[in-house]
Amino acid sequence: MPQGIELSNLDKVFWPAHGESPAVSKGDLITYVEEMAPVLLPALRNRPLTVIRYPNGTGGASFYQKDTPKYAPEWIRTITLHATQAKRDVRYVLCNDRRTLRWLANQAAIELHPWLSRVDRLERPDALVFDLDPPEGGFERTVQVALMVRELLRDNGLQAVAKTSGSKGIHVWAPLQRRYDYRTVRRTAERLAARLEAEAGDEVTTEFSKAGRGGRVYLDTGRLAPGAHMASVYSPRARPGAPVSFPVPWEDLSRVTPLDFTIASVPELVRADGDRWKDLMPAPQRLPEDLLAD
DNA sequence: ATCATCG
DNA sequence: CGATGATAGCGCTCA
DNA sequence: TGAGCG
Ligand SMILES: [Mn+2]
Ligand SMILES: [Mn+2]
């Protein structure tokens with residue numbers, strides 16, 4: 001049976017009940033990824049994938065997985081890349097079809113973290129991304145900073161979209177033509193981040209060390225690197241309430257909370273509105289010349 | 001979750 | 001046998 | 001070279 005995947009432990013609780021919302025089982029996770037495949041797969045296709053697995057649910061032990069295990073079915077597509085520091089080859093999963101999504105869910109791969117570049121141009125990310133990390137708790141503050149980042153990008157001729165990270169953060173995403181390597185895009189993002197920190201240093205920091213952040217929202221540009229990654233749009237998160245990273249139009253941002261978007265609520269939203277991420281996404285852009293100067 | 005290895 | 005360990009000791013920046 | 005970070 002080359003097609004079939006034996007699913008196991010479908011009733012195992014992966015997220016305990018949280019507030020009003022009931023527990024979410026492994027079976028619920030599998031149902032979610034299957035139903036969401038049409039919107040999930042475009043975000044994963046042809047991108048090296050890192051997953052975070054929770055074989056005993058989000059309350060249990062977890063581990064990152066980059067290298068595809070030997071016991072993976074032979075039809076799982078992979079790309080072999082060299083890990084510089086570890087000095088070894090790593091076979092990354094390419095999650096290009098529903099079957100692979102299903103297999104990953106059965107492997108308890110709850111979080112899906114694809115690269116920002118695709119296999120046919122691995123060194124060139126197709127977005128400039130800001131990962132906004134709040135100090136603790138404060139989604140409200142993150143929203144305000146996200147709106148500032150949007151203004152800053154717009155002042156520099158770049159359109160962007162936002163999604164909840166699923167945790168307390170926000171990802172601001174400016175799609176790019178694949179003309180620039182990671183280093184160039186990261187340097188540009190750092191330059192923009194420094195500018196925002198100069199203008200709004202009370203609310204925003206680019207400080208690497210936690211101690212220096214002092215309750216401010218951290219503008220993390222460190223995701224712009226080969227081998228780095230963040231949770232993809234529509235990816236479940238291993239957080240209380242089974243939240244999902246979800247696109248939010250700018251005008252709605254201050255009226256939502258991350259737990260509006262969960263494994264329980266999102267399929268219905270997608271049935272009603274379709275792939276909001278795709279629909280909100282501007283066309284791939286060039287970086288403005290004045291930002292590129294070394 | 002699954003396998004390799006160790007007692 | 002069952003128990004134990006491994007699965008990113010990554011990639012990057014700053015000190 | 002290593003600590004700290006995500
Ligand atoms: Mn984040
Ligand atoms: Mn971050």
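Every heavy atom of this structure was used, including side-chain atoms; hydrogens, water molecules and symmetry mates were not. Bear in mind that the values here come from a model prediction, so they are computed numbers and not experimental data. In the text below, chain A, chain B and the rest are named by the order of the sequence lines, each starting its count at 1.
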Self-check item: Whole-Å gap separating P (D:dG6) and CG (A:L132)
Solution: 13 Å
Quiz item: Which residues satisfy the side-chain contact (heavy atoms from CB on, under 4.5 Å) test with A:R124, sequence neighbours excluded?
Solution: A:R121, A:R178
Self-check item: Distance between C1' atoms of D:dG2 and C:dG9 (Å, rounded)
Solution: 13 Å
Quiz item: Contact class for A:K210 (heavy atom, under 4.0 Å): base, sugar-phosphate, or nothing?
Solution: sugar-phosphate
Quiz item: Is the shortest heavy-atom distance from the side chain of A:Y234 to the side chain of A:L112 under 4.5 Å?
Solution: no
Exercise. For the pair A:R239 (side chain) and A:S167 (backbone), establish whether a donor and an acceptor sit closer than 3.5 Å, ignoring hydrogens and angles.
Key: no
Quiz item: Just how far, in rounded Å, is P of B:dA1 from CD1 of A:I5?
Solution: 14 Å
Quiz item: How close or far is atom C1' of B:dA1 from atom CZ of A:R102, stated in whole angstroms?
Solution: 16 Å
Exercise. Kindly say if A:N106 contacts the phosphate of B:dA1, meaning a side-chain N or O under 4.0 Å from OP1 or OP2.
Key: no
Quiz item: Just how far, in rounded Å, is P of D:dG6 from CG of A:L116?
Solution: 17 Å
Quiz item: In B/S/- notation, 5' to 3', how is nucleotides 5-12 of chain C contacted by protein heavy atoms closer than 4.0 Å?
Solution: --BBSSBS
Quiz item: In whole angstroms, how far is the P atom of D:dG6 from the NZ atom of A:K168?
Solution: 17 Å
Quiz item: Any side-chain N or O of A:K70 less than 4.0 Å from the OP1 or OP2 oxygen of B:dA4?
Solution: no
Practice problem: Using the test side-chain contact (heavy atoms from CB on, under 4.5 Å), find all partners of A:L259 that sit at least two apart in sequence or belong to another chain. | Solution: A:H18, A:P243, A:T262
Quiz item: Between C:dA8 and D:dC5, how far is it from one C1' atom to the other, in whole Å?
Solution: 14 Å
Quiz item: What integer number of Å spans the C1' atoms of C:dG5 and D:dG6?
Solution: 25 Å
Exercise. Output every pair passing salt bridge (charged side-chain N to carboxylate O under 4.0 Å, His left out) with a member in residues 148-174 of chain A, not counting sequence neighbours, ordered by first then second residue.
Key: A:E151-A:R154
Exercise. Scan A:K12 against the nucleic acid and name what it touches under 4.0 Å (heavy atoms): base, sugar-phosphate only, or nothing.
Key: sugar-phosphate
Quiz prompt | Residues forming a side-chain contact (heavy atoms from CB on, under 4.5 Å) with A:S117, sequence neighbours excluded | solution = A:W115, A:L122, A:Y182
Distance-only donor-acceptor hits, side chain of residues 277-285 of chain A, under 3.5 Å, sequence neighbours excluded:
from: A:Q285; atom 1: OE1; to: A:Q159; atom 2: N; distance (Å): 2.6
from: A:Q285; atom 1: NE2; to: A:Q159; atom 2: O; distance (Å): 3.0
from: A:Q285; atom 1: NE2; to: A:P175; atom 2: O; distance (Å): 2.9

